[in-house]
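Atoms considered below: every heavy atom in the structure, side chains included; atoms not considered: hydrogens, waters and symmetry mates. Remember, it's a predicted structure, so these values are computed and weren't measured experimentally.
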Amino acid sequence: MADKKTKGRQKIEMKKIESEDGRLITFSKRRSGIYKKASELVTLTGSEIAILVFSQSGKPFSFGHPSIEAVANRFVGLNQAANHNTHPLAEAHRQVRINELNQQHNELLRQLDEEKEREKVLKQMRRGKETQPRWWETSVDELNHQELLQMDATIDNLHKSFLAKLNEKTTAASSSMAPPMYFIFSF
């Protein structure tokens, strides 16, 4: 079985690591991770989202699409129209593009699933071949007449290939001022 290159998804222990300017590094990393996921959600679904986070020191951080104000106003009922700052044609184009990207994403996921299935089949086939004995490791007593003839022909071909390669290398070596060498093999 192939070794994993990563440890996969694991729970990360929250640690307070002070940087030089006193900020918590883990807060900063987790905040950017949340913003990234929110951005993906907006891209994939076209939704409106607002995130407001306060650090331990009380400093506010925000993320919003189309803006924090637009989402907050819509939330409290001041502005019911979605994407009030966006022209309808631009919004329609954006929605079409989101749908295209979602279709491409789904197609890629389907192809990935097919490749994973192919990998499983290949691994099963490889495991099946590994459990079968190699022809040269099989006891001659276990072979029938046809199998013995086939093994004899295979060994004969291997022997001829070996002699041809040996003669080729011997000829090459003798042409480079080495003394001639002759080999005679018989089985």
Side-chain angles (χ1 to χ4, degrees), residues 1-138 158 165:
M1 182 168 24
D3 293 332
K4 281 186 154 183
K5 293 182 179 167
T6 65
K7 293 181 180 180
R9 202 173 227 187
Q10 294 183 340
K11 183 177 180 179
I12 299 172
E13 195 67 35
M14 287 288 284
K15 296 177 186 174
K16 295 181 181 179
I17 303 172
E18 297 284 332
S19 65
E20 291 176 8
D21 63 351
R23 288 186 308 138
L24 293 175
I25 293 174
T26 54
F27 172 79
S28 179
K29 285 182 179 180
R30 290 189 181 254
R31 183 190 70 222
S32 64
I34 288 171
Y35 289 178
K36 182 179 178 186
K37 290 294 182 186
S39 177
E40 289 175 9
L41 183 64
V42 167
T43 302
L44 291 172
T45 64
S47 59
E48 295 181 10
I49 192 165
I51 298 175
L52 181 60
V53 181
F54 290 91
S55 69
Q56 283 185 329
S57 64
K59 187 174 179 181
F61 295 90
S62 64
F63 173 89
H65 178 78
S67 69
I68 288 283
E69 295 81 17
V71 175
N73 287 339
R74 186 165 181 204
F75 183 74
V76 295
L78 295 178
N79 185 359
Q80 295 295 329
N83 295 325
H84 68 285
N85 294 336
T86 308
H87 189 276
L89 285 175
E91 179 59 27
H93 182 304
R94 186 180 71 81
Q95 195 61 43
V96 167
R97 184 68 179 136
I98 287 171
N99 290 339
E100 289 173 354
L101 290 172
N102 280 333
Q103 287 176 350
Q104 288 176 357
H105 181 256
N106 291 335
E107 177 62 21
L108 288 172
L109 287 176
R110 186 191 62 74
Q111 289 175 2
L112 180 63
D113 289 341
E114 285 178 1
E115 290 300 319
K116 284 181 181 178
E117 277 301 312
R118 235 181 257 142
E119 178 186 25
K120 284 180 188 176
V121 169
L122 289 173
K123 281 183 179 178
Q124 288 174 347
M125 289 171 60
R126 188 171 41 214
R127 269 190 233 116
K129 286 183 178 179
E130 289 171 358
T131 59
Q132 295 174 351
R134 296 181 185 110
W135 64 268
W136 60 88
E137 293 175 341
T138 305
L158 181 62
K165 194 58 134 174

Val71 to His65 - nearest heavy-atom pair and separation:
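Here Val71 and His65 meet closest at CG2-O, 3.4 Å.
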
Exercise: identify the closest heavy-atom pair between Ala70 and Ser67:
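Looking at all heavy atoms of both residues, the shortest contact is N-OG, 3.0 Å.
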
Counterpart residues, side chain to side chain donor-acceptor pair (under 3.5 Å), relative to Ser55 (two or more places apart)
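Ser55 satisfies side chain to side chain donor-acceptor pair (under 3.5 Å) with Ser57 once adjacent residues are dropped.
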
Quick one: list whatever passes side chain to side chain donor-acceptor pair (under 3.5 Å) with Gln103, sequence neighbours left out.
none

In sequence, state the C-alpha distance, the side-chain angles, and the governing distance for Leu101 and His105, and then conclude on side-chain contact (heavy atoms from CB on, under 4.5 Å).
CA-CA 6 Å; Leu101 290 172; His105 181 256; over 6 Å; no

Taking only residues two or more places apart in sequence or in another chain, which ones pass side-chain contact (heavy atoms from CB on, under 4.5 Å) with [X]?
X	answer
Glu115	Arg118
Leu41	Thr45, Ser47, Ile49
Asn102	Leu44, Ile98
Gln111	Glu107, Leu108

How would you list all residue pairs meeting salt bridge (Lys or Arg N to Asp or Glu O under 4.0 Å) that involve residues 38-47, not counting sequence neighbours?
Lys37-Glu40

Mind checking salt bridge (charged side-chain N to carboxylate O under 4.0 Å, His left out) for Lys120 and listing every partner two or more places apart, or none if nothing turns up?
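Salt bridge (charged side-chain N to carboxylate O under 4.0 Å, His left out) list for Lys120, sorted by chain: Glu117.
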
Verdict with reasoning, Lys116 to Glu119, per salt bridge (charged side-chain N to carboxylate O under 4.0 Å, His left out):
CA-CA 5 Å; Lys116 284 181 181 178; Glu119 178 186 25; over 6 Å; no

Residues forming a ring pair (Phe, Tyr, Trp, His ring centres under 6.0 Å) with Tyr35, sequence neighbours excluded
Phe63

